[in-house]
Number of protein chains: 4
Amino acid sequence: MPKIVNKTEKREQLVQAAIPIFAKFGFRDTKMSDIAIHADVGKGTLYEYFPSKDELFLHAFRVWFSYFAEQMQEIMETEKDPRRQILSFYTQYFATIESYRDMYQIYFDFWSELTRNPLLNKQDISDVYQSLRDLFTGILEDGIERKIFRSMDAQVTSVAMIAMADGLLLQWLIEPAAFSIKDLGGVAMTSYINGLC
Amino acid sequence: MPKIVNKTEKREQLVQAAIPIFAKFGFRDTKMSDIAIHADVGKGTLYEYFPSKDELFLHAFRVWFSYFAEQMQEIMETEKDPRRQILSFYTQYFATIESYRDMYQIYFDFWSELTRNPLLNKQDISDVYQSLRDLFTGILEDGIERKIFRSMDAQVTSVAMIAMADGLLLQWLIEPAAFSIKDLGGVAMTSYINGLC
Amino acid sequence: MPKIVNKTEKREQLVQAAIPIFAKFGFRDTKMSDIAIHADVGKGTLYEYFPSKDELFLHAFRVWFSYFAEQMQEIMETEKDPRRQILSFYTQYFATIESYRDMYQIYFDFWSELTRNPLLNKQDISDVYQSLRDLFTGILEDGIERKIFRSMDAQVTSVAMIAMADGLLLQWLIEPAAFSIKDLGGVAMTSYINGLC
Amino acid sequence: MPKIVNKTEKREQLVQAAIPIFAKFGFRDTKMSDIAIHADVGKGTLYEYFPSKDELFLHAFRVWFSYFAEQMQEIMETEKDPRRQILSFYTQYFATIESYRDMYQIYFDFWSELTRNPLLNKQDISDVYQSLRDLFTGILEDGIERKIFRSMDAQVTSVAMIAMADGLLLQWLIEPAAFSIKDLGGVAMTSYINGLC
DNA sequence: GATGAATGAGAGTTCATTCAT
DNA sequence: GATGAATGAACTCTCATTCAT
């Protein structure tokens with residue numbers, strides 16, 4: 001009887017093993033053999049589950065952002081006030097980042113590959129930012145209608161809000177000692193959102 | 001007598017040729033031979049001017065940010081109003097970015113290597129962000145004193161302001177079609193700075 | 001399951017393939033690709049077994065002299081008369097050399113690298129000559145005590161004896177047509193040893 | 001008026017500068033640029049005097065052995081006793097070696113290239129050893145006739161004598177700390193020659 | 001005549017991928 | 001299904017040689 005393996009589950013495991021390696025060394029400097037060792041499988045096994053290094057990275061991206069979206073979704077459903085929806089999400093987000101800093105270095109590679117790797121130009125991937133912008137635009141428009149936010153260009157503001165969060169993350173990843181993303185990030189986002197009322 | 005060349009000038013030329021290649025392919029995927037072809041010199045010539053690919057990239061970084069600092073300096077001296085100092089700089093900055101988008105992709109690699117490449121841990125390099133934060137903090141504190149800005153935590157605000165600009169750049173580099181950095185960036189920064197008054 | 005290979009055995013095979021190439025072209029002019037072709041493996045395979053060209057050469061050195069030492073040991077145990085111990089060894093040695101002349105060209109590189117390559121300064125390697133001198137000194141002193149040899153400075157004589165054999169090899173390697181190392185070498189060594197009685 | 005240069009003299013100078021570099025690094029690891037620096041000329045200048053690195057090395061060889069032959073010749077003319085002819089030469093030879101050890105490392109390369117470099121197979125070069133053997137054979141035969149030496153095979157003995165001297169040099173170059181070539185070499189050669197009487 | 005800036009063939013080495021076991 | 005030994009294309013870097021000045 002052949003060993004029964006849940007293919008999907010094992011893929012997941014392998015991706016989980018790959019992420020910290022990609023994060024540590026960067027996509028191009030990560031060796032498949034490193035991932036194999038870290039995942040405690042043979043190099044060949046990786047190729048049983050992913051046709052190439054690129055695809056493995058793509059999958060990491062997908063897993064990562066589906067988790068991101070899930071978190072987002074959860075907050076959306078829990079919080080009803082639009083200010084709290086945005087703020088709660090980022091508060092939680094920055095707290096997570098601060099705890100798993102080493103993992104978040106992978107953003108450098110997501111960002112970089114997103115613009116340069118044809119594989120990551122697949123529709124479902126390259127839309128990540130557009131979806132987020134749409135989501136925030138919706139929240140903002142809803143808040144404006146409900147007189148929670150003052151009148152403004154919701155599209156511009158959603159871009160700016162995402163920019164602020166990304167920029168904080170970026171700056172912190174480059175020099176984590178410079179400030180606490182959890183603390184400073186919370187203050188900055190709160191202040192920004194308050195300015196929208 | 002051999003051809004007389006201005007070594008410094010030629011280094012400059014080679015870096016200028018290297019930047020768009022680094023920007024296009026990313027540091028790790030850029031081949032020295034690509035740069036050589038683009039610079040219209042032999043591969044060996046690159047090594048006459050830079051001891052390694054790493055050092056060439058480092059030099060690109062230095063050249064880039066010294067130019068950045070120069071621009072900054074110029075604006076500082078021209079403008080006297082702190083709001084205008086910040087705004088003028090970013091207006092000009094975003095305009096430049098929009099014209100040379102392909103070159104600015106190199107930021108992905110500056111960011112990424114800044115955290116992972118021991119070469120870029122040299123003091124003068126890794127201080128880039130700290131210097132910028134200090135500069136903005138100074139401007140803000142000056143503005144607060146002069147009652148141009150309302151009372152605020154200047155350090156947090158300087159981090160946030162840089163974050164906003166970087167985040168806009170980042171988002172735009174990933175998907176330039178989504179918005180015009182010149183236009184939207186201008187609006188967003190103006191709005192942010194107005195909120196500080 | 002992947003192919004099961006005896007790593008040690010394969011290393012041995014690769015070294016055996018490398019030796020004649022090193023011998024033919026010299027260490028510096030031997031290309032890893034030549035060795036790979038000769039060993040009928042891919043270039044990469046060499047690097048599975050040796051971390052560098054230097055280390056491959058070092059291993060060749062070790063293999064070579066451990067074989068030399070083995071032969072020596074065997075003769076020591078078979079022959080009891082000190083004259084025969086030395087003579088039998090060199091008779092056999094010169095006979096081997098004459099049959100494998102092309103291989104012995106590698107001595108030029110052992111000699112040369114021994115003085116210039118820091119890799120070969122490892123204790124076990126650079127002691128090759130000292131061990132041989134000690135061995136011969138022992139044999140000679142034993143022979144003097146047993147009145148087989150006349151009284152003499154055993155240390156000087158052991159140096160001289162090794163010198164004679166090396167010098168014969170050297171001269172013959174440079175111009176094999178000039179004489180037969182087997183014949184002339186046998187006569188010369190016999191005559192030299194007889195002069196010690 | 002063009003600068004008047006004695007071409008032959010300058011060639012000589014350049015070779016003299018090249019020899020210690022070849023000796024230090026070995027032929028293959030010696031860079032033309034190193035020689036140029038050491039000779040205090042431009043790289044291009046070397047090529048004005050020698051068509052290639054190989055030819056420069058060839059010339060070094062020729063200069064070296066013509067000097068060797070000169071010394072030899074001088075002793076031959078000064079000394080009349082065949083024992084003294086041989087002994088005086090080697091005494092002087094070993095003394096020189098001990099003083100210029102670093103230069104004599106070049107022998108590894110002479111030896112090695114002599115068998116492998118087609119350039120050094122030119123008749124006048126590869127005959128170096130044959131000429132020396134002929135010379136010694138003549139001296140020995142003369143001595144035998146004059147009853148200074150006992151009856152022996154002069155050809156075999158000349159090979160052996162050269163072997164002894166070369167072997168001593170070789171052993172000493174590899175491990176100069178092991179003994180003094182001047183002292184031990186003198187004793188060994190004297191003892192060997194005395195054995196021929 | 002003298003030079004050294006420029007060159008590119010070719011070296012050692014790496015690593016994503018394959019496939020026999 | 002799992003593996004890691006084998007591979008070679010492709011990389012960075014070197015250096016003998018050339019030639020414009």
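Labels below follow one simple rule: chain letters A, B, ... track the order of the sequence lines, proteins then strands, and each chain is numbered from 1. Side-chain atoms are counted along with the backbone in the values below, which use heavy atoms only and exclude waters and symmetry mates. As the structure is a prediction and not an experimental result, all values here were calculated from the model.
Using cut-offs of 30° and 60° on the angle between ring planes, the pair D/His59 and D/Phe50 is tilted.
Looking only at side-chain heavy atoms (C-beta outward), D/Lys122 and D/Leu119 come within less than 4.5 Å of each other. The closest side-chain heavy-atom distance from D/Tyr47 to D/Met32 is below 4.5 Å.
Along DNA chain E, the nucleotide nearest to B/Gly44 and the one nearest to B/Lys7 differ in position, and the one closer to the 5' end is contacted by B/Lys7. Judged by closest nucleotide on DNA chain E, B/Lys10 is the one of B/Lys10 and C/Pro51 placed further toward the 5' end.
Applying the salt bridge (Lys or Arg N to Asp or Glu O under 4.0 Å) test to pairs two or more places apart or on separate chains, those with a residue in residues 41-63 of chain A are A/Arg62-A/Asp124. Contacts classified as salt bridge (Lys or Arg N to Asp or Glu O under 4.0 Å) and involving residues 17-28 of chain D (residues at least two apart or in different chains) are given here: C/Asp29-D/Arg28, D/Arg28-D/Glu113.
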TODO: Quick one: do A/Asp109 and A/Arg116 satisfy salt bridge (charged side-chain N to carboxylate O under 4.0 Å, His left out)? Show the steps, please.
DONE: CA-CA 10 Å; A/Asp109 298 274; A/Arg116 299 200 268 232; over 6 Å; no
Open item on the list: ring-ring contact (aromatic ring centres under 6.0 Å, His included) for B/Phe57 and B/Phe110? Distances and angles first, verdict last.
Closed with: CA-CA 9 Å; B/Phe57 185 71; B/Phe110 287 157; 5.5 Å; yes
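One finds no side-chain N or O of B/Thr45 lying less than 4.0 angstrom from the OP1 or OP2 phosphate oxygen of E/dA5.
Among F/dC13, E/dG12, F/dA2, the nucleotide with an atom closest to any side-chain atom of C/Tyr47 is E/dG12. Taking only side-chain atoms of C/Lys53, from C-beta outward, the nucleotide of F/dA5, E/dA2, E/dG12 with the closest atom is E/dG12. When the nucleotides E/dG4, F/dG4, E/dG10 are ranked by their closest atom to the side chain of D/Lys43, E/dG4 comes out on top.
Atom pair A/Phe50:CZ and E/dA16:C1' shows a separation of 16 Å (rounding to whole Å applied). Atom CE in D/Met32 sits about 14 Å away from atom C1' in E/dT3, given to the nearest Å. What separates CD of C/Glu48 from C1' of F/dG4 is a distance of 8 Å, to the nearest Å. Nucleotide E/dG4 holds its P atom 17 Å from the CG atom of B/Asn6, rounded to whole Å. Look at OH on B/Tyr49: it is 7 Å from P on E/dA5, rounded to the nearest Å. Across the protein-nucleic acid pair, C/Asp34 atom CG and E/dG10 atom P stand 12 Å apart, rounded to whole Å. Rounded to whole angstrom, the span from the CG atom of B/Asp40 across to the C1' atom of E/dA5 amounts to 15 Å. The nearest whole Å value for the distance from the CG atom in A/Leu46 to the C1' atom in F/dG4 is 12 Å.
Residue A/Ser52 is classed as a sugar-phosphate contact, given heavy-atom separations below 4.0 Å to backbone atoms only.
Between the C/Thr30 side chain and the C/Gly26 main chain, a donor and an acceptor come within less than 3.5 Å of each other.
A heavy-atom distance below 4.0 Å to DNA chain F is reached by these residues of residues 18-31 of chain D, ordered by number: D/Thr30, D/Lys31.
For C/Glu9, there are no side-chain hydrogen bond (donor to acceptor under 3.5 Å, both in side chains) partners, not counting sequence neighbours. Judged as a ring pair (Phe, Tyr, Trp, His ring centres under 6.0 Å), and not counting sequence neighbours, the contacts of B/Tyr104 are B/Trp64, B/Tyr107.
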Task: Dot-bracket notation for DNA chain E, counting Watson-Crick and G-U pairs under 3.5 Å, with | for partners on another strand - done: .||||||||||||||||||||
